[in-house]
Amino acid sequence: IENEISILIDMDSSHVARMERYFEDEDNVYIILELWQNKSMIELLKIRQKLTEEEVKCYISQLVKGLQCIHQNKVIHRDLKLGNLFLTEKMELKIGDFGLSEWVAFEGEMKKSMSGTPNYIAPEILMSKDGHSYEVDVWAIGVITYTLLYGRPPFQSKNSKQTCSKIKRLDYSFPTDTRVSQIAKDFISWILVLDPKDRPKLNQIMQHK
């Protein structure tokens, strides 16, 4: 809880959750966040099933802008998913839930703890003994883009064990029953690569068509 409070205090972005205040009693700490009138993107997707490419462009650009603020503050979110992307009254995206986030104490520091949600977790969290860093959030951008366009995560399986196995093998495909442009497919493939060093930087993502 203290970790999440500290992170939220330092964030200053229109696409990152705003903390109104916090207080505590003998048993609990309470964090009061701004109200998201339209809940989260997971509810939106349940209603819409799939979003258009123009809508996805809009939301992903907002996600990247929020992430730029988060990373500039030396924080890795580590649990980006539709359920943690909230929508305001104007349907603008806000990144929330920093409960699994980590501070980067020094340049090049690698985190070793397991974290994340199976459908969105980056392969280096599952496989690398060297740890992980900001690139796990970039991986999530690719997963979120795919999910919004196709209506389901790229590595979704019957259980989390199978999902993690597919992630480690980079085993996913583009369904033919949904019309998605080659540019969008290339964007997803550009991000979803096993080696985190080969993934694009956030500023490069913002430049993509």
Side-chain angles (χ1 to χ4, degrees), residues 3-19 33-34 36 40-42 44-45 51 53 55-88 90-111 113 115-117 119-125 131-149 153-154 167 184 186-193 195-209:
N3 182 55
E4 183 160 2
I5 290 172
S6 298
I7 289 169
L8 288 169
I9 286 173
D10 290 335
M11 293 299 167
D12 182 20
S13 169
S14 60
H15 298 299
V16 178
R18 187 179 73 249
M19 184 179 69
L33 302 174
E34 61 184 304
W36 300 296
S40 74
M41 294 207 73
I42 198 165
L44 176 63
L45 198 66
L51 301 189
E53 286 193 33
E55 289 172 315
V56 176
K57 281 183 187 179
C58 178
Y59 284 125
I60 293 302
S61 67
Q62 292 177 38
L63 172 58
V64 173
K65 288 175 183 176
L67 266 182
Q68 286 176 322
C69 171
I70 292 168
H71 289 183
Q72 285 166 6
N73 279 275
K74 302 185 186 304
V75 172
I76 313 169
H77 189 284
R78 303 205 311 162
D79 195 25
L80 289 174
K81 57 184 179 182
L82 296 188
N84 288 339
L85 303 179
F86 301 97
L87 296 169
T88 70
K90 297 180 179 179
M91 295 300 286
E92 294 173 334
L93 181 148
K94 294 269 188 174
I95 302 171
D97 195 346
F98 288 80
L100 295 179
S101 300
E102 288 272 10
W103 293 102
V104 178
F106 55 88
E107 186 175 349
E109 182 189 15
M110 305 295 280
K111 300 299 179 179
S113 61
S115 67
T117 302
N119 276 323
Y120 299 84
I121 198 166
E124 60 267 31
I125 295 178
H132 58 272
S133 189
Y134 299 108
E135 294 84 4
V136 300
D137 289 343
V138 174
W139 170 273
I141 295 172
V143 175
I144 289 167
T145 303
Y146 183 108
T147 305
L148 293 176
L149 289 172
I167 290 170
D186 290 344
F187 177 79
I188 293 166
S189 299
W190 185 43
I191 294 174
L192 295 183
V193 292
D195 190 339
K197 295 178 182 177
D198 292 335
R199 288 176 211 145
K201 305 297 184 184
L202 293 177
N203 63 329
Q204 292 175 310
I205 290 175
M206 289 298 289
Q207 299 300 318
H208 193 278
K209 293 180 182 180

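Nothing here was measured: the structure is a model prediction, and the numbers come from that model.
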Tell me the closest heavy-atom pair linking [X] and [Y], and the distance in Å.
X    : Y    : answer
L192 : P154 : CD1-CG, 4.3 Å
A184 : L149 : CB-CD1, 4.0 Å
I95  : L67  : CD1-N, 3.7 Å
A140 : L80  : CB-CB, 3.7 Å
V16  : G66  : CG2-O, 3.7 Å
R199 : P123 : NH2-CG, 3.6 Å

For the [atom1] atom of [X] and the [atom2] atom of [Y], what is their distance to the nearest 0.5 Å?
X    : Y    : atom1 : atom2 : answer
H15  : T88  : NE2   : OG1   : 9.5 Å
K74  : E109 : NZ    : CD    : 11.0 Å
L148 : T145 : CG    : OG1   : 7.0 Å
M41  : I144 : CE    : CD1   : 8.5 Å
F187 : K209 : CZ    : NZ    : 14.0 Å
I76  : S101 : CD1   : OG    : 9.0 Å

**Request:** Using the side chain to side chain contact (heavy atoms under 4.5 Å, CB included) rule, take N84 and I42 through it: C-alpha gap first, then chi angles, then the decisive distance, then the call.
**Result:** CA-CA 8 Å; N84 288 339; I42 198 165; over 6 Å; no
**Message:** For H132, run the side-chain hydrogen bond (donor to acceptor under 3.5 Å, both in side chains) check against K111, E102, R78, E124 and tell me which one passes.
**Reply:**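 Per the side-chain hydrogen bond (donor to acceptor under 3.5 Å, both in side chains) rule, the option paired with H132 is R78, out of K111, E102, R78, E124.
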**Asked** So, does D195 use its side chain to make a donor-acceptor pair with the main chain of K197 at under 3.5 Å?
**Response**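 Judged by distance alone, yes, a pair lies under 3.5 Å.
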Min side-chain heavy-atom separation [X]-[Y] under 4.5 Å:
X   : Y    : result
V75 : V104 : no
L87 : S40  : no
L51 : L44  : yes

**Request:** Could you check F98, Y134, W139 and say which one makes a ring pair (Phe, Tyr, Trp, His ring centres under 6.0 Å) with H77?
**Result:** F98
**Candidates E135, H71, M206, Q68 - the one meeting side-chain contact (heavy atoms from CB on, under 4.5 Å) with K201** = E135
**Message:** Under a 3.5 Å threshold, yes or no: a donor from one side chain and an acceptor from the other, between T117 and D79?
**Reply:**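 Distance-only check passes for T117 and D79.
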**Item:** Test log, rule side chain to side chain contact (heavy atoms under 4.5 Å, CB included), inputs L85 and Y59
**Value:** CA-CA 10 Å; L85 303 179; Y59 284 125; over 6 Å; no
**Asked** Passes side chain to side chain contact (heavy atoms under 4.5 Å, CB included), V143 versus I121? Steps please.
**Response** CA-CA 9 Å; V143 175; I121 198 166; over 6 Å; no
